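As the structure is a computational prediction, the values presented were derived from the model and not from experiment. The sequence lines fix the lettering, A, B, ..., with proteins before strands; numbering per chain opens at 1.
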Amino acid sequence: MSVDPDALLGWFDRAERELPWRAADVTPWQILVSEFMLQQTPVARVLPTWTDWVTRWPTPAATAAACRADLLRAWGKLGYPRRAVRLHEAAEVIVREHAGVVPDDVDALQRLPGVGAYTARAVACFAYGRRVPVVDTNVRRVVARAVHGLADAGPPATVRDHADAAALLPPDARAARFSAALMELGALVCTARAPQCAVCPLRDSCAWHVAGRPAGTAPRRPAQRYAGTDRQVRGRLLDVLRDSATPVTRAELDVAWPADDVQRERALAALLADGLAERTADGRFALPGQDRNATTASR
DNA sequence: GATTCGTGGAA
DNA sequence: TTTCCAAGAAT
């Protein structure tokens, strides 16, 4: 089974969301910022953060020159704050090695910190119109169903996933918009939990639908728990650092996770190693680059 | 290839 | 209440 570009693009013309990073005057850098924020993060939560961020730091140069602590505070509770660190680093690389211009080829993009197979192709496609397969979780699910007749995509396999998606791309200049449409279909219609086949433009040619929507057979991996993990502890510690205008003492961090000293120390060491925190000369802790001379606690 | 890395809304 | 899952990347 394949995907009829006319059917998909016809649907996209009607159903496309007006997301701010799709506006005509948005720059490649601002699109790159949106892709960083959208990694494993729902669109609804990215919207306000992206708007504030690109207003405050509209270019790679502005971002590279920004203070890491300011970037982390603007990132807020979007999740996976290492993305903010890597975005900062990517801006520095773009300024230093690409004259401040976001590269337009996949290989150069993928060499940037925090830019992997998906993000590199998304920027090449959505910012520069390049004809490359763009494979995210939505595309993998649509391909699994429409092409392979399976309820769900298996584990990611980048080479095979790219080959699958590349085989679907129209040969002409519609390819970039086709990829956006494929993602949008997965996000709005061909969803993980309750696919709306009744309104799907690919229904009549979808291998999964034609086969009667057979249930998936793949064993589901055990649900990721969060409570009590290092991730939660890191989050709590970072909350304290973000909310304090001045460096905090060890005792202030203890309060954030009093139950387990070993785990708390491990999480703190990881934050330091990841560039999400710094130890000041007097033994306190702060977001990197934050003014370390201040001694008065305030919030 | 399997794990780790946040967060919060919806089912 | 618990579970699922959301435009992934790095190790």
Visitor: What is the distance, to the nearest angstrom, from the CG atom on Leu182(A) to the P atom on dA7(C)?
Guide: 13 Å

Visitor: Is Pro113(A) touching bases, backbone alone, or none of the nucleic acid, heavy atoms closer than 4.0 Å?
Guide: sugar-phosphate

Visitor: For Leu237(A), answer base if it contacts any base atom (sugar-phosphate contacts may also be present), sugar-phosphate if it contacts only those atoms, and nothing otherwise; contact means non-hydrogen atoms under 4.0 Å.
Guide: nothing

Visitor: Taking the side chain from Arg96(A) and the backbone from Val93(A), do they hold a donor-acceptor pair closer than 3.5 Å?
Guide: no

Visitor: Please classify the nucleic acid contact of Thr119(A) as base, sugar-phosphate, or nothing, using heavy-atom distances under 4.0 Å.
Guide: sugar-phosphate

Visitor: Take atom CH2 of Trp50(A) and atom C1' of dA7(C), then tell me their distance rounded to the nearest Å.
Guide: 14 Å

Visitor: Could you tell me the separation between the CZ atom of Arg82(A) and the P atom of dT4(B), rounded to a whole number of Å?
Guide: 12 Å

Visitor: Using the side-chain hydrogen bond (donor to acceptor under 3.5 Å, both in side chains) rule, take Tyr118(A) and Gln39(A) through it: C-alpha gap first, then chi angles, then the decisive distance, then the call.
Guide: CA-CA 9 Å; Tyr118(A) 163 75; Gln39(A) 291 167 4; over 6 Å; no

Visitor: Any base atoms under 4.0 Å from Ala270(A), or only sugar-phosphate, or nothing? Heavy atoms, all strands.
Guide: nothing

Visitor: Atom CZ of Arg83(A) and atom P of dT4(B): how far apart are they, to the nearest Å?
Guide: 19 Å

Visitor: Taking CZ from Arg111(A) and P from dA9(C), how many angstroms apart are they, rounded to a whole number?
Guide: 16 Å

Visitor: Would you measure the distance from the P atom in dA10(B) across to the matching atom in dA7(C) and give it in whole Å?
Guide: 15 Å

Visitor: Taking atom P of dA7(C) as reference, at what distance in whole Å does atom CZ of Arg22(A) sit?
Guide: 11 Å

Visitor: Please report, rounded to the nearest Å, how far the P atom of dA7(C) is from the CD1 atom of Ile31(A).
Guide: 18 Å

Visitor: I want to confirm an ordering. Mapping Ala157(A) and Gln39(A) to their closest nucleotides on DNA chain B, which one lands closer to the 5' end?
Guide: Ala157(A)

Visitor: Between dA9(C) atom P and Arg140(A) atom CZ, what is the distance in whole Å?
Guide: 12 Å

Visitor: Keeping Thr191(A) on the side-chain end and Ala187(A) on the backbone end, is there a donor-acceptor pair under 3.5 Å?
Guide: no

Visitor: Remember a base hit wins even if backbone is also touched, and classify Ala192(A) as base, sugar-phosphate or nothing at under 4.0 Å, heavy atoms.
Guide: sugar-phosphate

Visitor: For Arg284(A) and Arg279(A), indicate whether the former's side chain and the latter's backbone hold a donor-acceptor pair under 3.5 Å.
Guide: no

Visitor: Under 4.0 Å between a side-chain N or O of Thr41(A) and OP1 or OP2 of dA7(C)?
Guide: no

Visitor: Need one value for Trp21(A): base, sugar-phosphate or nothing, where a base atom within 4.0 Å counts as base even if backbone is also close, heavy atoms only.
Guide: base

Visitor: Hydrophobic clustering (ILVMFWY, side-chain heavy atoms < 4.5 Å, transitive) - are Leu185(A) and Val134(A) grouped together?
Guide: yes

Visitor: With a non-hydrogen cut-off below 4.0 angstrom, is Arg17(A) in contact with a base, only sugar-phosphate, or nothing?
Guide: base

Visitor: Does Val115(A) reach a base, just sugar-phosphate, or nothing at all? Heavy atoms under 4.0 Å.
Guide: sugar-phosphate

Visitor: Check Pro195(A), Cys197(A), Cys200(A) against His209(A) for a side-chain contact (heavy atoms from CB on, under 4.5 Å) and give me the one that passes.
Guide: Cys197(A)

Visitor: With nearest nucleotides of DNA chain C determined for Leu112(A) and Ser34(A) from heavy-atom distances, which residue corresponds to the more 5′ nucleotide?
Guide: Ser34(A)

Visitor: Is Arg82(A) salt-bridged to Glu89(A), cutoff N-O under 4.0 Å?
Guide: no

Visitor: Which atoms of nucleotides 7-11 of chain B (N or O only) lie under 3.5 Å from a protein N or O atom, and what are those distances?
Guide:
| unit_1 | atom_1 | unit_2 | atom_2 | d |
| --- | --- | --- | --- | --- |
| dT7(B) | OP2 | Tyr226(A) | OH | 3.0 |
| dT7(B) | O2 | Arg45(A) | NH1 | 3.1 |
| dT7(B) | O2 | Arg45(A) | NH2 | 2.7 |
| dA11(B) | O4' | Arg193(A) | NH1 | 3.2 |

Visitor: I'd like to know if the side chain of Arg130(A) reaches the main chain of Cys125(A), judged simply by a donor and an acceptor atom lying under 3.5 Å from each other, with no hydrogens or angles considered.
Guide: no

